[in-house]
Every structure is written in C-alpha cells, then in structure tokens.
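Read the structure below first, then the notes.
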Number of protein chains: 2
Amino acid sequence: MTLKDLARELGVSTATVSNAFNRPDQLSPKLRERILAEAKRLGYRGPDAKARSLRTGRSRIIAVILAESLTYSLNDAVSSEFLSGVAEVLDTQGHTLLLLSARQAKCQIVDSASMADGFIVYGLMPSDELFDSLPLNASLVAVDFNVSGHPSVHVNNEPACFEIADRALTISPRQRPAIINLRLTREPCNGRIDPDYALLPPERTITRSRLSGYHRALAKHGFAAERVPMWNVEENTFEVCAPVIEEILDQPDGERPDLLLCMSDRTALTALTLAERRGLRIPEDISLIGFDGIAEGQFRAPRLTTVRQESGEKGRLAARMILGLEPAHSRLLDTQLIPGETCP
Amino acid sequence: MTLKDLARELGVSTATVSNAFNRPDQLSPKLRERILAEAKRLGYRGPDAKARSLRTGRSRIIAVILAESLTYSLNDAVSSEFLSGVAEVLDTQGHTLLLLSARQAKCQIVDSASMADGFIVYGLMPSDELFDSLPLNASLVAVDFNVSGHPSVHVNNEPACFEIADRALTISPRQRPAIINLRLTREPCNGRIDPDYALLPPERTITRSRLSGYHRALAKHGFAAERVPMWNVEENTFEVCAPVIEEILDQPDGERPDLLLCMSDRTALTALTLAERRGLRIPEDISLIGFDGIAEGQFRAPRLTTVRQESGEKGRLAARMILGLEPAHSRLLDTQLIPGETCP
DNA sequence: TTGTAAGCGTTATCAT
DNA sequence: ATGATAACGCTTACAA
C-alpha cells in the first residue's frame, strides 16, 4: 500500500495525498479528512520514511559515533549520561538517535552514515579512514577531542585535575602518590608504565590533559612528576582494572602508594573496593581521587573525592549544536570539585 | 557527487559502478580497481544509504522502542544492559541500532518506523494507536510483555519472586513484610496503596507477575496476601523512590516493616541507603529483597539479596530473533537467586 | 564483462 | 484547490 495506490483508489493525485499528510493548508479540510479516513481504512500508514528521506534529503536521524563498543558505552555511567543528554534534546526536536561505534566494521558506519542528518563523535578521534568516509559536508560535532573545521565540546580537564590534586596534597600531604591512567599508551598496556613509554598524542585522548593537570600539581608540591609511578588500564571496567590495582596494592606497606590519582570514578571505585577487601583504611592508608562524579561514587560510604563533569550537559550541548539550536563554535564546560571522604 | 556522476566521469555505466561497490564478482578486478580509485579521487563516498534503502527495501537498521524515556533507559542499569545485548548482536551482524521511546511524540516514532527493518519493543505494551502505525508486516519481537502474532522474550518473574520470598520467610521468619511495587497502579500513585486500588492488567506490566510470586510465598507462610501493606513507586529512580521509602521508614519501631519485598534492585538499594542513614541495622532491623541483580547491588556491603535476570541475554535473544538467527517463537529465560546479606 | 532501463515511494515545481 | 510530472540516487533484471 503506497501513497500512489491510495491516490488511485481515491481518484485524486499523489500530490494531493502527499499534501494531506504534510501540508494541511494546501487542500480543503474536507478532502483531507476523506483522504486520512480512507488511508486508515485501507491500512496506509503514512509516507514511507525511506522514500521521504531520499526525496527530501533529510531523515531526522542523528548518529552518535562512540569511541568504545556500544556494549561498553551503554553500560558505562559517563557515556550513558552523555547519550541520555543527547537523546533528551533530539527527542524534543523530533529527531531520533542512531548509535554507532567506531569499533564496528567500517562499512557499517559508512553505510549508515549517509542516512544521518548529522554526527556527534564522542570520546576519541576516529581513524582518518573512517573520518574521510563520512558525508563530505555533514554537520559534525566532536566531543572530548578536536577536529579541524568542526566545533567541539570539551571539559576543562587539566585545570580540574590540577585543582583536585593540589587540594589533596595541600590538605593532607602524602609520601607516595601514584597515577592510574586510562588508555594512555600508544600500544595497549595493562599495568605499570615507565616514563619512556610512548603515549598517545594529546589531541587523541583527554587523559593526556588529565595527566598534565596531575603532573602540574605534583610538581608544585615538590614531586618530580616524571618520577611518580604510573600505571595504565586499557578499559574502564572492574574486570580490566582489578588486576592492575591488585598489582599496586600487593606492594608492602611503605612501598604501596598512599594516594591514587585516577582518571575515572570507575577506576577509583574499583581501587576502593579492592582496598577495602584487604582491610586497608580509606583514606588513612590510601586516599583516592576519581574523575567524573558518577552517582555510584556518591551513594556509598566513604564517598568518592572526585571532579564532577556534567556529561549530560555535554550531550545536550552537542545535540543542540548539531541541530543548529546553538552557535556552532567550540565550548569548554566547567567542572566541579566534589570533596568526598576518600581523600579529605 | 553521485554514482551517476562518477559513471559519467569514468565513461562506464551506473550499473558497473554499482557493481564495483556491491558485487565485486560482476566485473573485472581491473575495472573495479579503477572505479574505486577514481571514486576516492573525486570524493565519492560510496552508495547513498537513503537511496539504497529505498531501492532494496532494507536499511540494516533495527529499532528498539523503549517503554521509558531514552534518558531514563540509558541511565538505568537493567535497560542499558538489555540494549547492550541487543547492540552486541546487531554489531556482529552488520546492523545498527535506532533508539526510540514510546514516550516520544507519536509522529516521530511512526516517521522513523518505516525506516527500520525490524522492531524490538521493550518493557511495556505500547498504545494501540502507536502499535497500529508500525509497518504492517514488520518483524517485531516483544520483550517483557506479549503481543499476539509476534514472539516475545520473558523472564520467569512469578516463580523467581515466589522462590526468593519463600526462602526469606523460611530462613528467618518475619513479622511485618511489606511490598514496594513499581508502576503497578492504573492511575499514577507514588505512595501507599490500598488493596482496592485499580491495578494495571497483567499483560501490560511484568510487575503484576512479580507481585503474584510474592503473594504466593506470603500466603504459604500464613500471611493474608491482601493484608500485606503495599506501596507503589512511579519511577525506578532514587529521586522518585526516596520519599515513598522515607514514608515507610518513618513509622515507629514495631510498626515499621521488617521485610521489604521490592520489584527492583534500584528500589531496594534506595531503601538500603536510606535505612542505613537512619542507623537501622540490615538485616536485623529490616531485611530487603530486590530484583534484577545489577552490579551496583553486589559491589557493596551488605550485598543485596536478589534475583538475577540476564538482561543482556534478553537483548541478545531478541536481536537474534529479529535478525532471523533464532526461531521466532517465544522464550522464557531462567533467573538465578543471589543470596546476599540484606536478607539472610 | 558491461550497458540499458525500469522502478523503489516520495516531494516539489509548475500548471490548471 | 488540485493535478501532471520530474526528480531524489540507487539496484537489478535483462539485453548486448
């Protein structure tokens, strides 16, 4: 049952039927009424989205390309909150959300790509290859990284990390700080990293800026930043973080770090859980700092000392930019220090 | 830059260019090579998805229609896990995921609807009106409710709730059990509900089956099921649950329930948090039972006593059904009792 | 191996 | 107010 069938059935032109659905003002209410009624009777569900999008060039679909797998992104509090913000805006604007992952087979992304009216790319610069295959003049907003010629949404990672680490070291000085990075190395590495490890370039990952902030604070408090021991985790999940953190905690008293500067709440919470299981006192034996400000860190005792980034707001902003509701220039969002109990 | 342009530029037919992209075996490798090279040079990104989907009738898009708002669904552990399962399968099969909410304006759903190759409807029977406007012979899988003529995926809610409540009442008998329902009443109600409240019909919500299971166990242990006090919450979030739970906990010792049968972990965790804040001992003063088995309930002390449902597996199964990888008949998934410490 | 041509179901621009 | 008609960009018999 197509629009054309319906038109024939009714003895009117296709244009008129189309207008009945799309431009009520273009035909007499009486005729429109009749067309709509007959459509319902014959089981015509309204104009086909595929045909319409071909004809008009717009689909009302906005695609979000996620750096991580969909599985991860949907389970992670930070990216879910981001998506949730995106969805909220799209929703009110009559658009829908197509989820893509940069980890998917390239062809899938490219295939669906030309379907979408715009792209929000989240978390990590996609490969050039992928990037080149997006529609040429598609509207695009980058989140948490920069891409030339398109606006981006960022959070003030470096200053936030400086501030929270500075505060920690000022209030209760520590002897043995350590840093747990998140996917910072050029080659995957789950464990301790030496100072001479090859790191991802700053434009490819926000964890570089967070690291800079921590380093600046450490330097201010007399630590040779490059001497502060660092570990790296490849994925922000309990399963992947746990072995690395066990390795850290396995060290004997006096060698074990007494301050863990983490790149995410997920990592910090994993450390917290594992430390508690060993009977270590928080924050006396080890104090902990996270990043993100996820609910899970605040609904427990001790509450996580962390930096709150408004992931939802990032999503809303990116969505508004894509839809042209917001001027298309890059924005830097503020964060907020949350003084919890894991690092007084 | 279209396929036709490229063909003209190269002096070949559109069919040949199309084949170069879709059916490598239909033309000489040499020519194909030349076409692909030229395409790249001229900035042709491959066949347009909109046009292709119109022509072939398939878009490789699967839509999930969620009962709750996208914002809620993306933040909730249970539905995220479900989506994550769906995404996992779609991913490996070269499909992508379009997220819709039954709460959206109807037109948005209908508009995007004809775009998708199939639908997974999650959580709640959508309105008949919405339902009628889905493509007539679209493939459709229902999750957590039934829709005639289409397969569904369920979890054994009633037996699971019976089992966990029965176990609780057997091991440590209690005097004052109470039930906290989730969106069970026909009219929204956030608070205590009388036995004569009008409830949603069983086919519209799974919480009816959970309630039946609890009631059966209570009856077995000598409680007049309809006398057991019940509360209802309209949304499975801390913010909405908290006032209702405070109302429950506000009751004086001896009147306050000593066993809370909840419909979700989220609700049980909220109760747990609020009870702990008041200095109530868990499980001595109040014991708690949840449903879902979300991670948050197990990564804390005391761990939640609950029923684990494999939400991810529900998603994977639904996705496989939609893609025809699985026979299209309804399935009932098992659950697993998790004996935590909130109800020994 | 390659080309021709007929749609796929709409919408938009003209006429009438 | 309504109708003809030409795209939109592609796929796929079928013909050469």
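Chain letters run A, B, ... following the sequence lines, proteins first, then strands; residues in each count from 1. Only a predicted model underlies this, so the values are computations on that prediction, with no experimental measurement involved.
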Quiz item: Taking the side chain from Lys50(B) and the backbone from Ser114(A), do they hold a donor-acceptor pair closer than 3.5 Å?
Solution: yes
Quiz item: Do Asp76(B) and Ser79(B) get their side chains close enough for a donor-acceptor pair, meaning under 3.5 Å?
Solution: yes
Exercise. Please determine, by modelled atom types, if Ser330(A) and Ser152(A) share a side-chain donor-acceptor pair under 3.5 angstrom.
Key: yes
Quiz item: If we ignore angles and hydrogens, is there a donor and acceptor under 3.5 Å between the side chains of Asn22(B) and Arg52(B)?
Solution: yes
Exercise. Please check if any side-chain donor atom of Ser69(A) sits under 3.5 Å from a side-chain acceptor atom of Thr71(A), or the reverse.
Key: no
Exercise. Take atom CZ of Arg8(A) and atom P of dA4(D), then tell me their distance rounded to the nearest Å.
Key: 13 Å
Quiz item: Over how many whole Å does the gap from Asp25(B) atom CG to dT1(C) atom P extend?
Solution: 9 Å
Exercise. Output all residues satisfying salt bridge (charged side-chain N to carboxylate O under 4.0 Å, His left out) with Arg34(B), sequence neighbours left out; order by chain, then residue number.
Key: none
Practice problem: Verify whether one side chain among Asp91(A) and Gln104(B) offers a donor that lies under 3.5 Å from an acceptor in the other. | Solution: yes
Exercise. For Gln26(A) and dC14(C), give me the distance from atom CD to atom P, rounded to whole Å.
Key: 14 Å
Exercise. Five pairs at each end of the helix from dT1(C)-dA16(D) to dT16(C)-dA1(D): take the axis at both ends and give me the angle between them to 10°.
Key: 30°
Atom pairs under 3.5 Å, N or O on each side, protein against nucleotides 7-13 of chain D: can you list them with distances?
residue : atom : partner  : partner atom : Å
dA7(D)  : N3   : Arg55(A) : NH1          : 2.8
dC10(D) : OP1  : Tyr44(B) : OH           : 2.6
dC10(D) : OP1  : Asp48(B) : N            : 3.0
dC10(D) : OP2  : Leu3(B)  : N            : 2.4
dT11(D) : OP1  : Asn22(B) : ND2          : 2.9
dT11(D) : OP1  : Arg52(B) : NE           : 3.2
dT11(D) : OP1  : Arg52(B) : NH2          : 3.4
dT11(D) : OP2  : Ser18(B) : OG           : 2.8
dT11(D) : OP2  : Asn22(B) : ND2          : 3.2
dT11(D) : O2   : Arg55(B) : NH1          : 2.5

Exercise. Measure from CD on Glu33(A) to C1' on dA1(D) and round the result to the nearest Å.
Key: 17 Å
Quiz item: When the distance from CG of Leu27(B) to C1' of dG3(C) is rounded to whole Å, what number comes out?
Solution: 13 Å
Quiz item: Do you know the tightest heavy-atom contact between Ile65(A) and Ala102(A)?
Solution: CG2-N, 4.0 Å
Quiz item: What integer distance in Å separates Leu10(B):CG from dG3(C):P?
Solution: 10 Å
